[in-house]
Peer 1: 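Once you've had a glance at the structure underneath, I'll fire off some questions.
Atoms considered below: every heavy atom in the structure, side chains included; atoms not considered: hydrogens, waters and symmetry mates.
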Amino acid sequence: MRTRCERTLTAIVLIVVAALGVVQAGEVTGDKVSLTIGSGITRAHPVYAVVEAFDEELRERSNNTMEIVIAMAGALGSDREIIESVINGGVEMMFMADISVGTVVPKVGYVNLPYLFKTREEAEEIYLYGWMGQKFREALLENNLVVVGDMMESDFRWMSNSVRPIQKPEDLRNLKMRVVESPMYVKFFEGIGTQPVGMSVSEVAAALQQRVIDGQDNGPVQTYYYGFYEFQPYMTRTNHAYAAIMFYVNKDVLESMSESQRALFLELATKYSRIGYEDVKRDIDRFCEEMDAKGMKILETTPELSEFMQAAAKKVWADQAVTRFYDQDVMKRILSEMAQ
């Protein structure tokens, strides 16, 4: 059985240097490297402070030859705009959920198939530290993106809305639900009887207030830090999809660093992604408690609702019109090993 660290490292050459050891202070040389990081997360997100600490240690240990310029909270535009900018080299780095990346690089969309993982432990073993994560990293590398550090959880996705508690299939009927702008997600939400509305997460709060939509399906951390709970009194723990979030850097930017700068950067990316993951997991329960205290009723799912939604999910898995955009070797393995 491989250790967690060994499972995390992939065969990608650019990432192997992270295993070479700790870079000592005074050993880092090279031209000035400034890495602007884009993201939609706000200061309320537990990882925002982690990025600040990442920058502080990077500056200190690189003798001020390296820095992270924080331009998060949507300062660089929508998720799609940030992703495309990092791919093209206009922005050096991003902190982004896989479900957003999949809208730009459809090949990796399989990681967000509804009900792909039953538990956090299964998601960690297969995806975050397993074979699926390695395939994800390799596909992103083909698109000029390097996933640096460990992958972090971005919650199981739940359903919240302002109309009624969701406890049975008919409660879903005709709810206008914001979804990620993904054909797979639209298909799934149509299948469970809602009216899916694709939009960027940065537009959701205003759309909820204006009643353009009735609800959305982020997990508790995102629902809390974006303030969506202020406009929706009901949330159900459907756990209908799993999402990961991680640090990415433009491949050309990483290659342009000196060897010592690259080693330090990758070392710290691993360190702070692990800290970030623990912080996110810790805050899930805390945010639920705070949302409950502020009036959001958080409900458990029911066997009837779960069975109905899982049946709709399996139809999406089998829909070639949706999955033809995904890595077909990965889809074959998913269908043979995980479809039961």
Peer 1: Please determine whether a side-chain nitrogen of the Lys or Arg among Arg59 and Asp55 lies less than 4.0 Å from a carboxylate oxygen of the Asp or Glu.
Peer 2: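 Yes, charged N to carboxylate O under 4.0 Å.
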Peer 1: Check each of Tyr225, Phe228, Tyr224 against Phe287 using the ring pair (Phe, Tyr, Trp, His ring centres under 6.0 Å) test, and report the only one that passes.
Peer 2: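 Result: among Tyr225, Phe228, Tyr224, Tyr224 is the only option passing the ring pair (Phe, Tyr, Trp, His ring centres under 6.0 Å) with Phe287.
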Peer 1: Keeping Ser260 on the side-chain end and Thr29 on the backbone end, is there a donor-acceptor pair under 3.5 Å?
Peer 2: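 Answer holds: yes.
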Peer 1: Arg286: which residues meet the side-chain hydrogen bond (donor to acceptor under 3.5 Å, both in side chains) condition with it, sequence neighbours left out?
Peer 2: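 Result, side-chain hydrogen bond (donor to acceptor under 3.5 Å, both in side chains) vs Arg286: Asp283, Glu290.
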Peer 1: Is there a path of hydrophobic side-chain contacts, each under 4.5 Å between heavy atoms of I, L, V, M, F, W or Y residues, that connects Met184 with Leu335?
Peer 2: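 The answer is yes; both residues are in one hydrophobic cluster.
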Peer 1: Would you indicate whether the side-chain heavy atoms of Met338 and Ile126 approach each other to under 4.5 Å?
Peer 2: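 The answer is yes, as the side chains (C-beta and beyond) meet within the 4.5 Å cut-off.
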Peer 1: Holding to salt bridge (charged side-chain N to carboxylate O under 4.0 Å, His left out), I want the full list of residues that pass it with Lys168, two or more places apart in sequence or in another chain.
Peer 2: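 In terms of salt bridge (charged side-chain N to carboxylate O under 4.0 Å, His left out), with neighbours along the sequence ignored, Lys168 is linked to Asp171.
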Peer 1: Sorted by first residue and then second, give each salt bridge (charged side-chain N to carboxylate O under 4.0 Å, His left out) pair with at least one member in residues 211-240; sequence neighbours left out.
Peer 2: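 Those involving residues 211-240 are Arg157-Asp217, Lys176-Asp214, Arg237-Glu300.
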Peer 1: Quick one: closest heavy-atom pair of Val50 and Gly276, and the distance?
Peer 2: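 In this case the closest contact between Val50 and Gly276 is CG2-CA, 4.0 Å.
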Peer 1: First locate atom CD1 of Ile192, then atom OG1 of Thr238, and finally report the distance between them rounded to the nearest 0.5 Å.
Peer 2: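 These two atoms lie 8.0 Å from each other.
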Peer 1: Which pairs count as ring pair (Phe, Tyr, Trp, His ring centres under 6.0 Å) when at least one residue sits in residues 155-175, sequence neighbours excluded?
Peer 2: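 Non-adjacent pairs meeting ring pair (Phe, Tyr, Trp, His ring centres under 6.0 Å): Phe156-Tyr242.
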Peer 1: With rounding to the nearest 0.5 Å, note down the distance linking CG in Leu128 to CZ in Arg120.
Peer 2: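 Answer rounded to 0.5 Å: 10.0 Å.
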Peer 1: Are Leu299 and Met235 joined in one hydrophobic group, where the rule is that I, L, V, M, F, W and Y side chains link up if heavy atoms are under 4.5 Å apart?
Peer 2: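 Different hydrophobic clusters.
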Peer 1: Using the side-chain contact (heavy atoms from CB on, under 4.5 Å) rule, take Val47 and Asp279 through it: C-alpha gap first, then chi angles, then the decisive distance, then the call.
Peer 2: CA-CA 7 Å; Val47 174; Asp279 287 353; 5.9 Å; no
Peer 1: Could you check whether any side-chain heavy atom of Pro220 comes within less than 4.5 Å of a side-chain heavy atom of Asp155, counting everything from C-beta outward?
Peer 2: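 A side-chain contact exists here, since the closest heavy-atom pair is under 4.5 Å.
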Peer 1: State, to 0.1 Å, how close Phe325 and Val322 come at their nearest heavy-atom pair, and which atoms those are.
Peer 2: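 Looking at all heavy atoms of both residues, the closest pair is CD1-O, 3.4 Å.
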Peer 1: Would you confirm whether Asn88, through its side chain, and Gly90, through its main-chain N or O, come within 3.5 Å as a donor-acceptor pair?
Peer 2: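 No; judged by distance alone, with no hydrogens or angles, the pair does not exist.
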Peer 1: More than 12 heavy atoms of other residues, nucleotides or ligands under 6.0 Å from NZ of Lys294: yes or no?
Peer 2: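 More than 12 within 6.0 Å, yes.
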Peer 1: Kindly write out the residues that satisfy side-chain contact (heavy atoms from CB on, under 4.5 Å) with Ser202, not counting sequence neighbours, or none if the list is empty.
Peer 2: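 Partners of Ser202 by the side-chain contact (heavy atoms from CB on, under 4.5 Å) criterion, ordered by chain and then number, come out as Ser200.
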Peer 1: For the atom pair CG (Leu268) and CZ (Arg61), what is the distance rounded to the nearest 0.5 Å?
Peer 2: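 Those atoms lie 5.0 Å apart.
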Peer 1: Are the side chains of Met257 and Leu264 in contact, using a 4.5 Å heavy-atom criterion?
Peer 2: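 Result no, sub-4.5 Å side-chain heavy-atom pair not found.
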Peer 1: Any chance CD of Glu122 has more than 12 other-residue heavy atoms, nucleotides or ligands included, within less than 6.0 Å?
Peer 2: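 Yes.
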Peer 1: One thing to verify: whether Glu278 and Lys281 come together as a salt bridge, which I'm taking to mean a side-chain N less than 4.0 angstrom from a carboxylate O.
Peer 2: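 Between Glu278 and Lys281 there is a salt bridge, with a charged N closer than 4.0 Å to a carboxylate O.
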Peer 1: Can you find a pair of side-chain heavy atoms, one from Ser182 and one from Ile99, that are under 4.5 Å apart?
Peer 2: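 Contact flag for Ser182/Ile99 side chains = no.
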Peer 1: Apply the test side-chain contact (heavy atoms from CB on, under 4.5 Å) to residues Ile334 and Met331: give CA-CA distance (whole Å), side-chain angles for both, the deciding distance (0.1 Å), then the verdict.
Peer 2: CA-CA 5 Å; Ile334 287 172; Met331 281 305 305; 4.2 Å; yes
Peer 1: Indicate if Tyr226 and Tyr234 have the same hydrophobic cluster label, given that clusters are the connected sets of ILVMFWY residues with side-chain heavy-atom separations under 4.5 angstrom.
Peer 2: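 As far as the 4.5 Å side-chain criterion goes, Tyr234 and Tyr226 are not connected within one cluster.
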Peer 1: Any side-chain heavy-atom pair from Met94 and Leu76 closer than 4.5 angstrom?
Peer 2: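 No - every pair of side-chain heavy atoms lies 4.5 Å or more apart.
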Peer 1: Show your working on side-chain contact (heavy atoms from CB on, under 4.5 Å) between Tyr129 and Asp150 and close with a plain yes or no.
Peer 2: CA-CA 8 Å; Tyr129 313 128; Asp150 283 6; 4.1 Å; yes
Peer 1: Which residues satisfy the side-chain contact (heavy atoms from CB on, under 4.5 Å) test with Ser256, sequence neighbours excluded?
Peer 2: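 Expected list: none.
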Peer 1: When rounded to the nearest 0.5 angstrom, what distance separates CD in Gln261 from CE in Met66?
Peer 2: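 Rounded to the nearest 0.5 Å, the CD-CE separation comes to 5.0 Å.
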Peer 1: Tell me the salt bridge (charged side-chain N to carboxylate O under 4.0 Å, His left out) pairs involving residues 69-83, sequence neighbours left out?
Peer 2: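 Only Arg80-Glu84 qualify under salt bridge (charged side-chain N to carboxylate O under 4.0 Å, His left out).
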Peer 1: Any donor-acceptor pair under 3.5 Å linking the side chain of Lys251 with the backbone of Leu141?
Peer 2: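 No.
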Peer 1: Within the 4.5 Å heavy-atom criterion, are Leu113 and Tyr326 side-chain neighbours or not?
Peer 2: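 Of all side-chain heavy-atom pairs linking Tyr326 with Leu113, at least one is under 4.5 Å.
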Peer 1: Rounded at 0.5 Å granularity, tell me how far OG in Ser160 sits from CD in Gln216.
Peer 2: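 Going from the OG atom of Ser160 to the CD atom of Gln216 covers 3.5 Å.
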Peer 1: Just verifying a value: how many Å separate Leu175 CG and Met159 CE, rounded to the nearest 0.5 Å?
Peer 2: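 Result: 7.0 Å between the selected atoms.
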Peer 1: Would a hydrophobic clustering, with Ile, Leu, Val, Met, Phe, Trp and Tyr connected at side-chain separations under 4.5 Å, put Val316 with Phe308?
Peer 2: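 Both belong to a single hydrophobic cluster.
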Peer 1: Are the side chains of Ile245 and Phe95 in contact, using a 4.5 Å heavy-atom criterion?
Peer 2: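 Result yes, sub-4.5 Å side-chain heavy-atom pair found.
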Peer 1: Please examine the side chains of Leu172 and Leu305, heavy atoms only from C-beta on, and report whether any two atoms are closer than 4.5 Å.
Peer 2: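 Answer yes - side chains close enough.
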Peer 1: Do you know the tightest heavy-atom contact between His240 and Phe189?
Peer 2: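 Smallest heavy-atom distance, with atoms named: NE2-CZ, 3.9 Å.
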Peer 1: Among residues two or more places apart or on two chains, list those pairs meeting salt bridge (charged side-chain N to carboxylate O under 4.0 Å, His left out) that have a residue in residues 180-205.
Peer 2: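 Matches after skipping sequence neighbours: Lys187-Asp319.
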Peer 1: Has Trp317 got a side-chain atom pairing as donor or acceptor with Pro114's backbone, closer than 3.5 angstrom?
Peer 2: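 The answer is yes, because a donor-acceptor pair under 3.5 Å joins these two groups.
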Peer 1: For residues 46-67, which residue pairs pass the ring pair (Phe, Tyr, Trp, His ring centres under 6.0 Å) check, not counting sequence neighbours?
Peer 2: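 Applying ring pair (Phe, Tyr, Trp, His ring centres under 6.0 Å) to every pair that reaches into residues 46-67, excluding sequence neighbours, yields Phe54-Phe247, Phe54-Phe265, Phe54-Tyr272.
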Peer 1: Give every donor-acceptor pair under 3.5 Å between a side-chain atom in residues 30-37 and any protein atom, sequence neighbours left out.
Peer 2:
residue	atom	partner	partner atom	Å
Lys32	NZ	Asn64	O	3.0
Ser34	OG	Glu67	OE2	2.9

Peer 1: Mind jotting down which residue pairs meet the salt bridge (charged side-chain N to carboxylate O under 4.0 Å, His left out) criterion with at least one end in residues 91-102? Sequence neighbours excluded, please.
Peer 2: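 Pairs touching residues 91-102 that pass the test: none.
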Peer 1: Could you list the residues that satisfy side-chain contact (heavy atoms from CB on, under 4.5 Å) with Asp252, not counting sequence neighbours?
Peer 2: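 Once residues adjacent in sequence are excluded, the partners of Asp252 under the side-chain contact (heavy atoms from CB on, under 4.5 Å) criterion are Asn144, Asn250, Glu255.
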